[in-house]
Structures are given as structure tokens and as C-alpha cells.
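Worth knowing before you read on, the calculation uses all heavy atoms, side chains too, and leaves out hydrogens, waters and symmetry mates. So you know, we letter chains A, B, ... as the sequences are listed, proteins then strands, and number each from 1.
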There are 2 protein chains.
Amino acid sequence: MSFEILIVLQTIIIIWLLIKRNKKCTKSVSQATDKIANTNEEYKMVLLVRKDLKMQKGKIAAQCGHAAVGCVLKAQKYDPISLNTWRYYGQAKIALVVDNLEQLEQLEKKAEKSNLITKKICDAGRTQVEPGSITVLGIGPAPVSVLDQITGKLKLL
Amino acid sequence: MSFEILIVLQTIIIIWLLIKRNKKCTKSVSQATDKIANTNEEYKMVLLVRKDLKMQKGKIAAQCGHAAVGCVLKAQKYDPISLNTWRYYGQAKIALVVDNLEQLEQLEKKAEKSNLITKKICDAGRTQVEPGSITVLGIGPAPVSVLDQITGKLKLL
């Protein structure tokens with residue numbers, strides 16, 4: 001092989017590596033921050049709080065914080081487009097009441113059947129509730145209409 | 001310049017580009033998921049809730065969810081090691097009470113002076129509070145001792 005051909009080949013490889021490098025950056029940024037769902041519908045996240053545990057408001061606030069963060073971290077991995085759409089529409093979070101663990105787990109199953117992100121919070125139980133108690137279930141972010149089919153009948157906290 | 005030198009130079013560029021490409025991947029993965037602070041101290045996040053707005057518990061839960069998510073998203077960008085350490089130690093979140101906006105903003109300034117992550121939540125005000133009200137301030141994740149210097153005197157919500 002002559003030197004000229006080798007030089008041309010190497011030049012092509014360098015250009016290809018440089019192009020690939022830039023493409024990689026653009027792609028990862030757009031996946032992480034840009035794309036939103038092609039819809040006019042608003043998105044929300046719901047936080048279902050167990051009524052029967054009779055938690056104080058500070059406890060409820062921390063448990064809802066756990067659930068919201070848990071849903072966001074899961075959505076970053078498994079449903080970034082819903083996450084971005086929800087952030088674009090103002091990150092609505094609605095706290096609702098469920099009567100007990102049974103109702104909470106029924107709604108979790110329904111949400112999972114609809115392929116929605118769910119995050120069930122299990123409390124360490126240092127204060128107020130028994131160790132290992134399930135306190136809150138987060139569902140979403142997801143379109144309002146989809147969530148309303150599952151949790152539309154629940155009362156606001 | 002002779003052909004031989006050009007070929008050697010191009011080969012070096014190709015090897016350098018290939019090495020940089022692999023390093024980039026390793027670095028981004030370890031920043032995003034692995035490293036935790038070299039300490040035995042536990043980490044926490046505090047959520048400071050304004051008492052004077054007299055919000056209902058459902059409102060408080062949603063606002064604390066906003067603050068917790070906001071702090072986590074900021075920490076992913078600016079302080080991933082604290083975030084990982086906090087997650088490793090169980091993601092403690094503590095809801096505390098501040099008397100009013102003035103006290104909330106004083107504590108925000110103190111936290112910023114200590115280079116801590118902060119997230120102030122401004123409510124859309126569709127329910128319960130005036131549009132644009134600051135409702136909750138999230139600080140952290142950060143070491144417990146550092147946060148206690150700033151918020152140690154506040155009462156639990």
C-alpha cells in the first residue's frame with residue numbers, strides 16, 4: 001500500500017472519530033434534557049398517603065419528599081420523556097388520601113399494569129410508625145387523564 | 001514534511017482520540033453513580049416550611065416534594081458526591097418550621113455562604129396561598145453537622 005493511500009485512510013478515520021464524538025454529546029444532552037411528549041395534555045405526579053397511619057404533617061411531608069424524589073430518579077432511567085414533559089408543565093404534584101395498605105397496593109398494581117412509574121416508600125420507623133411500614137405511594141409523572149383513570153376517585157389530602 | 005512523519009502524527013492523533021473517548025465514558029459514569037464522600041458522617045436534607053402561610057397538610061406535602069426534587073436535580077449537576085453519600089445513608093429528609101419569609105431568606109443566605117445546595121419554591125398560587133408566594137426552602141443534601149449549624153435551632157414541623 002502506498003503512503004498516499006494510508007494518509008487518506010487515516011484522515012478519514014480521524015474525521016469519522018471527530019464527527020462521532022460530537023454526535024455522542026448532542027445525543028446524550030437531548031435525551032437527558034430536551035425531548036418532551038408530542039401532546040397538549042398536562043402531566044402530573046400523585047402521592048398517595050395512608051390515612052390509617054395517622055402521621056403528623058412533618059412526617060407526611062418527608063415521606064412525600066421521598067416518593068417524589070424516588071419517582072423522578074426512576075423516571076430519569078425509564079421514562080425521561082414523561083419526566084421532561086412534566087417539568088415543562090410545572091411539575092404538578094398532588095397529595096391524595098388512601099384508606100389503608102390494601103387500597104394503596106391495589107392502586108400500585110393498576111398503575112404498574114398501565115406501565116406507569118411507581119415508587120412505594122417503606123419507612124425506617126424511627127418515629128411515629130412501625131418499622132417497615134409502607135407510608136406513601138408515588139405514581140407518575142404521567143398524563144393527567146391516565147392518572148385520573150387510576151386515582152381520580154381519591155380525596156385530596 | 002515527509003510522508004513517514006505525517007503518518008506517525010496521524011497515528012498518534014487516532015490513538016489519542018480513542019483513549020479520550022473511553023476515558024470520557026468512564027468519568028461520566030463514576031461521577032453519576034459511584035463516588036461517595038470519604039466520611040463516616042451521615043447526610044441529610046432539610047425542608048423549611050413557612051408557618052405564617054398556614055398551609056394545609058396536602059399543600060405542605062406537595063411543596064416539600066417540589067423542594068426535595070429541586071435539591072436532588074441541582075445536586076446531580078453541582079454536588080453529585082453529596083447526593084450519592086446522602087442516598088447511601090438512606091436519604092434522610094427533615095421538615096422544619098420557619099416563622100416567615102424573612103427568616104427563610106436569612107437561612108437561604110447562610111446556606112449559600114456555606115456553598116450548600118438550596119432550592120426555594122415559589123407557588124403558582126392556584127390554591128390556598130397568593131400567587132408567587134415562597135412556600136418552602138430545601139437545603140442539602142449535606143453533612144448533618146453542617147446543616148445543624150444553620151438550621152439546628154428550628155422546630156420540627
Quick check for you: among A/E4, A/Q63, A/M45, which has the greatest number of heavy-atom pairs under 4.5 Å with chain B? A/E4

In terms of heavy-atom pairs under 4.5 Å with chain A, which of B/A95, B/G138, B/A61 leads? B/A61

Among B/I7, B/I60, B/T11, which has the most heavy-atom pairs under 4.5 Å with chain A? B/I7

When rounded to the nearest 0.5 Å, the distance separating CG of A/L17 from CG of B/L18 is 5.0 Å

Which bit of B/I13 is near chain A, if near means a heavy-atom gap under 4.5 Å: side chain, backbone, both or neither? side chain

So how far is it from B/L157 CG to A/K57 NZ, rounded to the nearest 0.5 Å? 5.5 Å

What about B/V98 and B/V49, same hydrophobic cluster or not, with Ile/Leu/Val/Met/Phe/Trp/Tyr joined at side-chain heavy-atom distances under 4.5 Å? no

Heavy-atom pair of closest approach, residues A/A62 and B/K93: CB-O, 3.4 Å

If you group Ile, Leu, Val, Met, Phe, Trp and Tyr by side-chain heavy-atom gaps below 4.5 Å, do A/I117 and A/V146 land in one group? no

Connected via hydrophobic side-chain network under 4.5 Å: A/L47 and B/M55: yes

Would you say A/V129 and A/L101 are hydrophobically clustered, going by side-chain heavy atoms of ILVMFWY under 4.5 Å? no

Would you please go through residues 66-76 of chain A and name the residues with a non-hydrogen atom below 4.5 Å from one of chain B, in numerical order? A/H66, A/A68, A/V69, A/V72, A/L73, A/Q76

Same cluster (ILVMFWY, side-chain, under 4.5 Å), B/V97 and B/V46: no

